[in-house]
> 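Below: one structure in structure tokens.
Positions are given from 1, in the same order as the sequence printed here. When reading the values below, keep in mind they use all heavy atoms of this one structure, side chains included, and skip hydrogens, waters and symmetry mates. Ligands are counted one by one from 1 in listed order, and the atoms in each one are counted from 1 as well.
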Amino acid sequence: MNFAIPRERMVAEQLVRRGIRDARVLQVMGKVPRHLFVDEALAGRAYGDYPLPIGERQTISQPYMVALMTEALELVGHERVLEIGTGCGYQTAILAELCSKVFSIERIKGLADRAVRTLDSLGCYNVLARVGDGSLGWREEAPFDAILVTAAAPTVPHALVEQLAPKGRLVIPVGDVYSQELRKGVLGEAGMRWSDLGGCVFVKLIGDRGWPSE
Ligand code: SAM
């Protein structure tokens, strides 16, 4: 099956039409093979306007949500980016194309291992991945120019704010288990300046500064 056409259609109909403007984000989302990050049986639906299951009761986010969060990080190419919630690695691959190095943390080893295999097969060599609790950030590698959390937190984990570089951007879904607000914070001299990017529904951030595990 030729996936180039559904991918182009995804960019035009789901991203451009909804207001994604960053040309680099649009170009990369038109290039990264999203269908390789999901089970073969779901490949035909990979460019649809919805999230999909990736196993372990987790999901790959809807393409528009990936684009919105990525655009909000305002990447120009030189940044070191921390991603929390590697999942299948699709968002990681998008970030890897747009910045200098991605540090990605996933709490479920089976997902992390599969994501690393996919990322390696695509030549994403500027990614350092590890298994652990991303709600605490990655102190040894801080500071980061941008931090993206791809799971829903009850509150903003303080450790993440502490690990931002000056002018750093933090994008994170915050709210209850069933619905959240996508929040963007920018670290200025007077502290964090917050704005809201809209409603969203993510799986739980589980960990020390997230939700307890079931
Ligand atoms: N960006 C991912 C992708 O493209 O597939 C989607 C991520 S999925 C919506 C959220 C991920 O966050 C899940 O894989 C989940 O296991 C992970 N997660 C939840 N709590 C975490 C934590 N404390 N640290 C690291 N990963 C976490």
> Could an N or O of ligand 1 be found under 3.5 Å from any N or O of Phe202, whether backbone or side chain?
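Between Phe202 and ligand 1, no N or O pair is found under 3.5 Å apart.
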> Quick one: which ligand 1 atoms are inside 4.0 Å of a heavy atom on Gly134?
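In order of numbering, the contacting atoms are 22 (C), 23 (N), 24 (N), 25 (C).
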> I'd like to know if Arg117 and Asp113 make a salt bridge, using a cut-off of under 4.0 Å between side-chain N and carboxylate O.
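So Arg117 does not pair with Asp113 through a salt bridge.
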> Under the criterion side chain to side chain contact (heavy atoms under 4.5 Å, CB included), which of Leu148, Thr150, Asp133, Ile147 is the partner of Ile84?
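So, applying the side chain to side chain contact (heavy atoms under 4.5 Å, CB included) to Ile84 and each of Leu148, Thr150, Asp133, Ile147, only Ile147 qualifies.
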> What residue and heavy atom of the protein are closest to atom 6 (C) of ligand 1, and at what distance?
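Ranking protein heavy atoms by distance from atom 6 (C) of ligand 1, first comes Thr59 O, 3.2 Å.
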> With distance as the sole test, does Arg107 use its side chain to make a donor-acceptor pair with the main-chain N or O of Gly134 at under 3.5 Å?
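No; zero donor-acceptor contacts below 3.5 Å.
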> Scan side-chain atoms only and decide if Ser104 and Glu83 contain a donor-acceptor pair under the 3.5 Å cut-off.
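Present: a donor and an acceptor within the cut-off.
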> Are the side chain of Arg24 and the backbone N or O of Leu75 linked by a donor-acceptor pair below 3.5 Å?
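The answer is yes, because a donor-acceptor pair under 3.5 Å joins these two groups.
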> Pull out every atom of ligand 1 sitting under 4.0 Å from any heavy atom of Glu83, numbered as shown with elements.
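Counting atoms of ligand 1 from 1, those under 4.0 Å from Glu83 are 1 (N).
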> Closest non-hydrogen protein atom to atom 4 (O) of ligand 1, residue and atom name please, with distance?
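Its nearest protein heavy-atom neighbour is Gln91 N, 3.2 Å.
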> Would you say Glu181's side chain and Gly198's backbone share a donor-acceptor pair under 3.5 angstrom?
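Flag set: sc Glu181 to bb Gly198 pair under 3.5 Å.
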> So is Ile206 polar-close to ligand 1, meaning N/O to N/O under 3.5 Å?
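Ile206 vs ligand 1: N/O contact under 3.5 Å present.
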> At a 4.0 Å threshold, what atoms of ligand 1 neighbour a non-hydrogen atom of Gly87?
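By the 4.0 Å cutoff, the relevant atoms are 5 (O), 14 (O).
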> Looking only at heavy atoms, is any part of Val203 under 4.0 Å from ligand 1, and if so is it the side chain, the backbone, or both, or is it neither?
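Looking at Val203 and ligand 1, just side chain atoms fall under 4.0 Å.
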> Would you mind checking which non-hydrogen protein atom is closest to atom 13 (C) of ligand 1, with the distance to 0.1 Å?
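Here the nearest protein heavy atom works out to Gln58 OE1, 3.3 Å.
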> Identify which of Leu95, Thr86, Val131, Ile108 has a heavy atom lying nearest to atom 3 (C) of ligand 1.
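It is Thr86 that holds the nearest heavy atom.
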> Just which atoms of ligand 1 are under 4.0 Å from any heavy atom in Ile105?
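That gives atoms 25 (C), 26 (N) of ligand 1.
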> Could you work out, for atom 10 (C) of ligand 1, the closest of Thr150, Val149, Asp133 by heavy-atom distance?
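Shortest heavy-atom distance from atom 10 (C) of ligand 1: Thr150.
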> Only heavy atoms count here, so choose which of Met65, Arg107, Arg130 is nearest to atom 18 (N) of ligand 1.
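Comparing heavy atoms across Met65, Arg107, Arg130, the nearest one to atom 18 (N) of ligand 1 lies in Arg107.
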> State whether Asp49 and Arg18 are salt-bridged, where the test is any N-O pair (Lys NZ or Arg NE/NH1/NH2 against Asp/Glu carboxylate O) under 4.0 Å.
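A salt bridge is present here (some side-chain N lies under 4.0 Å from a carboxylate O).
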> Quick test: of every protein heavy atom, which one is nearest to atom 16 (O) of ligand 1, and how far off is it to 0.1 Å?
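Minimum-distance protein heavy atom for atom 16 (O) of ligand 1 reads Glu106 OE2, 2.6 Å.
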> Kindly assign one of parallel, tilted or perpendicular to the pair His35 and Tyr47, based on the angle between their ring planes and the thresholds 30° and 60°.
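Ring orientation of His35 relative to Tyr47: tilted.
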> Which residue and atom name correspond to the protein heavy atom nearest atom 19 (C) of ligand 1, and how close is it?
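It is Lys204 O, 3.4 Å.
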> Which atoms from ligand 1 have a heavy atom of Leu111 less than 4.0 Å away?
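So the answer, numbered in order with elements, is 14 (O).
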> Atoms of ligand 1 less than 4.0 Å from Gly132 heavy atoms?
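Reading through ligand 1 atom by atom, the close ones are 24 (N), 25 (C).
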> Tell me, please: is Arg209 in heavy-atom contact with ligand 1, that is, under 4.0 Å?
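It does not, in that no heavy atom of Arg209 comes within the 4.0 Å cut-off of ligand 1.
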> Tell me whether Arg45 forms a cation-pi arrangement with Tyr50, defined as NZ or CZ under 6.0 Å from the six-membered ring centre and within 45 degrees of its axis.
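Judged by the rule (NZ or CZ under 6.0 Å from the ring centre, within 45° of its axis), Arg45 counts as positioned above Tyr50.
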> Any side-chain donor paired with an acceptor under 3.5 Å for Thr70 and Gln91?
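Side-chain D/A pair, Thr70 to Gln91: present.
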> Which heavy atom of the protein is the closest neighbour of atom 12 (O) of ligand 1, given with residue, atom name and distance?
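The closest heavy atom on the protein side is Gly85 CA, 3.2 Å.
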> For Glu71, does its backbone N or O pair with a side-chain atom of Glu74 as donor and acceptor, under 3.5 Å?
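It does not hold such a pair.
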